[in-house]
Every structure is written in structure tokens, then in C-alpha cells.
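Here is the structure we will look at, set down as C-alpha cells.
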Amino acid sequence: VLVKLEFVPVLEQWPLLVQGLLATIALSALAIVTGFVLAVLLVWQRSRGPAWVRALISGYVELIRNTPFIVQLFFIFFGLPALGIKLSPEAASVLAMVINLGAYATEIVRAGVQATPAGQWEAARSLALSEWQIFLRVVIPPALRKVWPAMVSQMVIVMLGSAVCGQIATQELSYAANLIQSRNFRAFEAFIVATFLYLALSIALRQVLNWVGRRYLFGQARPGGAYG
Amino acid sequence: MRRSVLVSVVATIAFAHIPAAHAQSALDDILKSKTIQIAVPTDFPPYGFVTTDLKPQGLDIDMANYIAGKLGAKVELVPVTSANRIPYLQTRKAHLVISTLGKNAEREKVIDFTAAYSPFFQAIFATKALSVKNAADLAGKSVGVTRGAIEDMELTKIAPASADIKRFEDNNATVSAFVSGQVQVLATGASVAGNMMQRNPNLNAEYKFVLKDSPNFIGVGKGEDALRTRVNEIIAEAKRSGDLDKMAMRWLGRPAGDLPQ
């Protein structure tokens, strides 16, 4: 006897799936953009800020990179209300994802910045650029080009990690799949559908991020260099 | 290259036959191997919970041991949550589910039920300050519930459209959401709520109105009639001998009473 796979009861619930898919995309987009900007700012502060700021950033990076995402999420959603900070499931999810990606991305960007030869800083200083200008215009673009594949992977991981946010009633894609299977008990089918949606989402996100990187962040190596 | 990998992945899934145990074989399996896997709750006192020595305890665990004893088999307890107990039965990871399982038409499509073995009801709870007398009063309020549980189904049926129903993965998360103030109203089983109120007297929570009286049944795999009949005999015998009442007295402080077949 074989278990028969029936996708119709799952696909009938397509409005739930679409809603979940859109929520996952929205959560991920917000978290990826904000987390990335946060990481760049933190790397800047870590290389130029006062000692206590640098220590603080290191502490944050270590704390987040050495604890599970779901614990961070539960802390924000179930723990913070004890301090009087009540966030909606959606806000708590985005915050947890930003904090999580921020820590990992900080390490990734730092790796790229450290690989930038000191001569570039010196050359830029001799052109009377400000430190911030040097960082943003001279150091960051080639640094990002070096680490972009790792950064894209981390962003995809954060997108996939949003599946956990259903645990605190955020209505994203895996929440939708879970809700559907709790209604019609087509668990296998619901998760197969969710798996393929996540797969498609990952592939699409990777393509988009690769394109965004080339187009807006560091550019193709062109004749005439960065000023061409 | 990439396309061919994708095609083979799809093909593997499309042609994968998912083997399941032969119908009607569960009782034979149990009697032959002298072991029975029974899914029980561990987050649902007093029906099933874990003590500080990490051993599962509660009415459902007593019932599991009782039935295993009558079948002459060694019991292997499989901890499950509200949301995954039916999939465990469907995928034959457990022979029986004794996990405060209520009976309804949707569930009867995918699994079979024995006679009831213990009483239970689901209700709405909130702080004394919040005025909630009936389903209409839930309008505009946030309500926490465990996804896929009976109370979820009942609540979904009766709640007004403007009620903000937040569904959590298991009872612990649902209760935590209420205790931390993330939801205003709690829809859950009487035992879970009783336990929560006992541990958080400062919340001033109280019972508001009943969602459903739903005695607990034991779930068996669809079509496992031999096993179901045997378990029904054991339950009927336990009812006659007073063992069911004893178990209910021990954990719920009241006799099992009149339970449906």
C-alpha cells in the first residue's frame, strides 16, 4: 500500500500560500537591505570608532553568531515584553532577522575590507578625500566585490531562516504550509509545495542579488577604472 | 548541467513511492515485536508533561502504560506536539496517539478513533479586566491559540472577522504569548489554562466561556481495525473495572464520568 500524494487540497488554499510567499519576500527584503546597511556602518565604526564602540560591536557580533536564530527570535518576542517592549510578530521577526544578518554580514564585509591594501587608503588620502568618502567610495566597492558571493549566500540563508518566524505567528510561507496541513492533514504535500516555493525564491534571490551587486554596489571591472 | 540536476530532483520526487505499513498490520506488529510506540504529549499538564528528572508523566502516559500492559508489550513513548501528532500516526511513526486528541469530522477522514478515555474541554480565557462574554466580544482583540488544535478549529468557526487570531506552534508558545502580554485572549484546554493561572496568579486571568466539550480519544492509523477493536475492548474493560475513573481522579481530581463510545 502506498500513501497517495494529493496536491489538490493544498493547492486549493493558494491564497494562503501566495499571502505567505509575499510575506516571506517582504520580511526578507526589509531584513536584507537593513541588515546590509547596518553591517557596512558597523564595519566603519569598528575600523574608525572609539575603543568602547569597537568592543561593543565585537560583543554584538560574537553574541549573535554564537546563539541560534530561534532563541534570538523568542527573546525578542517573548522576552522583551518583560521590559515593556511589545512588538508585533512581524516587527519582532524583521528585527530578529536584521540583528542576525547584521552580525554575519559585519564579519563578511570586514573580511573584504581587511583584504584592501593599505596603499589604497594612502592613495585616497593624498587626494584629500575625507575618511568616510575613502571608506564608502574607495574601500567598500572592491571589498564587496571580493566577498559578494559569501554575502549573497548569507542573505539567502536569512531568507530561508525566516521559516522559523512562523513559530511566533508571523504569517509567512512556512506558517501558511503549516496552517494548511493542520487543516487538511496533507503534511507531505504542503511541505513539498513549500519546498519548491522556497527553492524558486532562493534561486530568484541569488540572481537578483548578483545583479544588484554588479549594477549598484561595485560595478564590473571596466576600462577606465572606477572613474570611467 | 544545472537543469539536468533539477530534472533528476523532480523525477526522484515524482517517482518516489512512499512505503507505508500494510493495512491492518499494526496489532500483529505489536504482538510480534512485544513493543508498542505510543505518541504522548509532553507540554500539556496534567495529561502529559516532563518532570525535573525529564521523565514524561501524566494521565496520557498512564493510559499509554496501561494499554501497553494489557497488550503485553513494552511501551516506547514518542513525544509529540499538538501540531504533529496526527502526521506521526499517518506516517506510522506511532501505533497509537494518546495525546488529548479530540474527535472531529476532518480528523476522521485521515485517522480512526477508539472510544473516549478521559474528559476534556476547551475554553476562552482572559484577564478579569477584559470583558469577554461571548464570541462577538472577541472582535478587535488578539487571540492566541495553538495551530491545528481543536480550539483552533472551533475558534476559527465562531470568531468574528475582526478578531486577530495568532496561531502558535505549540501550547508552550501559546501560553508564553499570553503571559508576556503579546495576546489579550487565550484559547486553550482547561488543563493548560489552569496550570498557567496557577503559576501566574498576578495575571488575574479567568475562565470566560467554553468553546467545546471534547473528551479525549485514542487515535489509530486509518484502517487499523484489529488494533482499534482490541484497544476498545481494553477501554471498555477499564471503564467497568473503575481503572479509568482512578486515572482521572489521580490527574484531574474528578472521575472520568460518562464518556462517548
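Naming convention: chains lettered A, B, ... in sequence-line order (proteins, then strands); numbering from 1 in each chain.
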Name the region of A/L80, side chain, backbone, both or neither, that has any atom closer than 4.5 Å to a heavy atom of chain B. neither
Need one label for B/I111: side chain, backbone, both or neither, based on atoms under 4.5 Å from any heavy atom in chain A. neither
Should we say atom CD of B/Q198 is surrounded by more than 12 heavy atoms from elsewhere, each under 6.0 Å from it? no
Spacing of CZ belonging to B/R167 relative to CG belonging to A/N178, to within rounding of 0.5 Å: 12.0 Å
So which atom in A/G166 and which in B/R147 form the shortest heavy-atom distance, rounded to 0.1 Å? O-NH1, 4.2 Å
Checking A/F77 against chain B: side chain, backbone, both or neither under 4.5 Å from a heavy atom? both
Out of B/A173, B/P87, B/S142, return the one with the most heavy atom pairs under 4.5 angstrom to chain A. B/A173
Could you check if a side-chain atom of A/R183 sits within less than 4.5 angstrom of a side-chain atom of B/T156, using non-hydrogen atoms only? yes
Counting only heavy atoms not in B/K32, do more than 12 sit closer than 6.0 Å to its NZ atom? no
Can you name the closest pair of heavy atoms from B/V110 and A/F185 and give their distance? CG2-CD1, 3.5 Å
Looking at A/P89, A/A187, A/A82, which makes the most heavy-atom pairs under 4.5 Å with chain B? A/P89
Validation row: B/I86, A/Q181 side chains within 4.5 angstrom (heavy atoms): no
Can you name the closest pair of heavy atoms from A/F78 and B/A177 and give their distance? CE2-N, 3.4 Å
First locate atom NZ of B/K166, then atom OG of A/S88, and finally report the distance between them rounded to the nearest 0.5 Å. 7.0 Å
CZ (A/F7) with more than 12 external heavy atoms under 6.0 Å: yes
